[in-house]
Amino acid sequence: MLQLQAIRESKNEFITALKKRNIDAAPLLDKAIALDDKRRETQTKLDKTLAESNSLSKEIGMLFKTGKAQEATVLKEKTGVLKEESKVLSDTLTSVAEELQTLLYQIPNIPHDSVPAGNTEEDNEEVFAEGDVPELVSSALPHWELAKKYDIIDFELGVKVTGAGFPVYKGKGARLQRALISYFLDKNAEAGYTEIQVPHLVNEASGYGTGQLPDKEGQMYHVGEDDLYLIPTAEVPVTNLFRGEIIKEEQFPICYTAYTPCFRREAGSYGAHVRGLNRLHQFDKVEIVRVEHPSKSFEALDGMVEHVKNILRELKLPYRVLRLCGGDLGFTSVLTYDFEVFSTAQDRWLEISSVSNFEAYQSNRLKLRFKDENGKSQFAHTLNGSSLALPRVLAGILENYQVEDGIEIPEVLIPYCGFSKID
RNA sequence: GGAGAAAUGGCAGAGUGGUCGAAUGCGGCAGUCUUGAAAACUGUUGAGGGUCACACCUCCGGGGGUUCGAAUCCCUCUUUCUCCGCCA
């Protein structure tokens with residue numbers, strides 16, 4: 001969430017920038033400032049009351065010690081009144097603070113200067129493209145047909161066991177999946193990201209920390225009995241490792257990578273756009289997460305973008321990079337680059353990675369701080385990106401690498417797979 | 001799942017109703033000494049709110065209660081440890 005101080009200092013700039021998200025932020029920001037004023041005012045009054053009450057209590061203590069019980073009794077009546085007052089003030093403070101918090105949760109992050117205005121994905125800005133779209137054989141099929149033909153992914157079996165959107169990977173399909181996970185993790189480790197394994201279920205506080213809660217709870221599977229959420233992305237557990245931490249400046253940059261399955265309820269639509277691997281309730285993803293010094297976060301973002309480019313280059317997949325417009329930008333993000341692979345057989349682009357800088361927005365929720373050179377606590381910046389999401393990469397490989405009599409395996413993956421062709 | 005014990009500052013660990021935001025040790029930082037380092041000695045060292053700066057307020061796992069006053073007493077939740085049971 002946004003910091004009050006920043007809202008006070010840059011209100012007009014924020015209003016302008018939030019217009020790119022098609023939000024009229026003026027009333028929200030004004031209300032936040034008004035609530036904060038009220039909060040401060042109430043706090044000051046409460047502090048004074050408590051201070052008086054504290055000093056009286058000390059006096060009473062002294063009087064009892066020196067045997068002046070009667071005088072103490074007189075003072076006791078006074079503190080009784082103060083107690084009432086402070087109770088009222090403290091209740092007011094709690095409710096004002098809650099109201100302020102709720103309001104702040106509703107205000108999205110401020111888009112970066114470079115973020116284009118716009119409403120839909122049509123308005124996203126292509127900033128880079130690379131790789132040749134292959135000429136496919138005339139009998140080329142979309143990946144869900146290929147999956148069936150070579151018996152490597154079984155969607156119906158998944159329906160039987162669980163439901164739609166939970167595929168079963170078989171044989172070389174399963175092996176290719178595992179190969180991709182290993183390959184991505186290795187590439188990330190090579191680039192300096194420390195591999196970690198994290199829980200796949202998180203508590204409510206973690207959901208709030210990274211911004212899935214309170215508004216997007218419908219997106220996550222909730223285990224009611226234990227009040228836990230299945231993670232929609234590794235971002236949630238990994239970033240929450242740092243919740244409430246005050247780190248040392250020399251610990252920057254913090255770079256983690258984690259493989260996890262991801263679970264998304266998303267009441268999805270039906271049809272060709274979500275067929276096969278295009279949209280799933282459970283899928284695998286390798287994520288990269290960074291915690292950075294505020295002065296370095298955009299440099300880090302660029303680094304992450306280059307890193308993902310390298311992987312796609314090695315896989316020899318045709319892809320493009322988009323800078324998301326204000327309307328498509330995630331609630332907590334300042335700047336996001338989406339990576340899309342071209343699926344030749346489907347003749348469309350598939351999103352396979354999203355790399356974002358959240359600046360201090362998540363940190364403020366997480367209370368993730370560091371000590372700067374003056375010994376002051378400051379919020380760190382957090383970033384994350386997929387490196388990479390499995391299903392659509394898999395779809396891209398299956399479709400773009402298909403030949404007359406099978407599917408070839410990208411060269412870099414052969415050592416991981418132990419075979420060079422699916423047939 | 002059953003029985004018991006515990007949760008205090010970066011760590012260890014005192015503190016069982018009143019100047020306790022908290023002894024002491026270790027660690028960290030600064031200084032003295034030293035060519036330099038180590039050792040020794042001296043000082044300093046939690047977070048948040050608030051203030052120009054002070055003052056002041058809050059926080060001893062979370063929440064609630066008793067009391068003029070709570071780290072300390074009561075209730076509750078969570079977590080950890082020990083023993084038993086079960087188990088990949």
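Note on naming: letters A, B, ... go to the chains in the order of the sequence lines (proteins, then strands), and numbering restarts at 1 for each one. All values below come from the heavy atoms of this structure, side chains included, with hydrogens, waters and symmetry mates left out.
Among the atoms of the strands shown, none is found under 4.0 Å from any heavy atom of A:Thr73.
Comparing the P positions of B:U44 and B:U76 gives an interatomic distance of 44 Å, to the nearest angstrom. With both ends at atom C1', the span from B:U32 to B:A37 equals 15 Å, rounded to whole Å. Across B:G27 and B:C11, the matching P atoms stand 16 Å from one another, rounded to whole Å. One C1' atom belongs to B:U8, the other to B:A70, and the distance between them is 14 Å to the nearest Å. Remark: the separation of the P atoms in B:C59 and B:U19 is 15 Å, to the nearest Å.
A perpendicular orientation is assigned to the rings of A:Phe331 and A:Tyr361, their planes being inclined by more than 60° (bins at 30° and 60°).
Residue pairs meeting the ring pair (Phe, Tyr, Trp, His ring centres under 6.0 Å) criterion with at least one partner in residues 223-247 of chain A, sequence neighbours excluded, are A:His222-A:Tyr229, A:Phe242-A:Tyr256.
Of all nucleotides present, only B:G28 satisfies the Watson-Crick or G-U wobble test against B:U44, with each distance under 3.5 Å.
Under the 3.5 Å distance criterion, with hydrogens and angles disregarded, a donor-acceptor pair is assigned to the side chains of A:Glu399 and A:Gln346. Judged by distance alone, the side chains of A:Gln362 and A:Thr382 do bring a donor and an acceptor atom under 3.5 Å apart.
Near RNA chain B, defined here as any heavy-atom distance below 4.0 Å, the residues from residues 33-60 of chain A are A:Arg39, A:Arg40, A:Gln43, A:Asp47, A:Leu50, A:Ala51, A:Asn54, A:Ser57, A:Ile60, listed numerically. Contact check of residues 76-90 of chain A against RNA chain B (heavy atom, cut-off under 4.0 Å) returns A:Lys76, A:Thr79, A:Lys83.
Summarising the geometry, the separation between CD on A:Gln251 and C1' on B:G10 is reported as 12 Å, rounded to the nearest angstrom.
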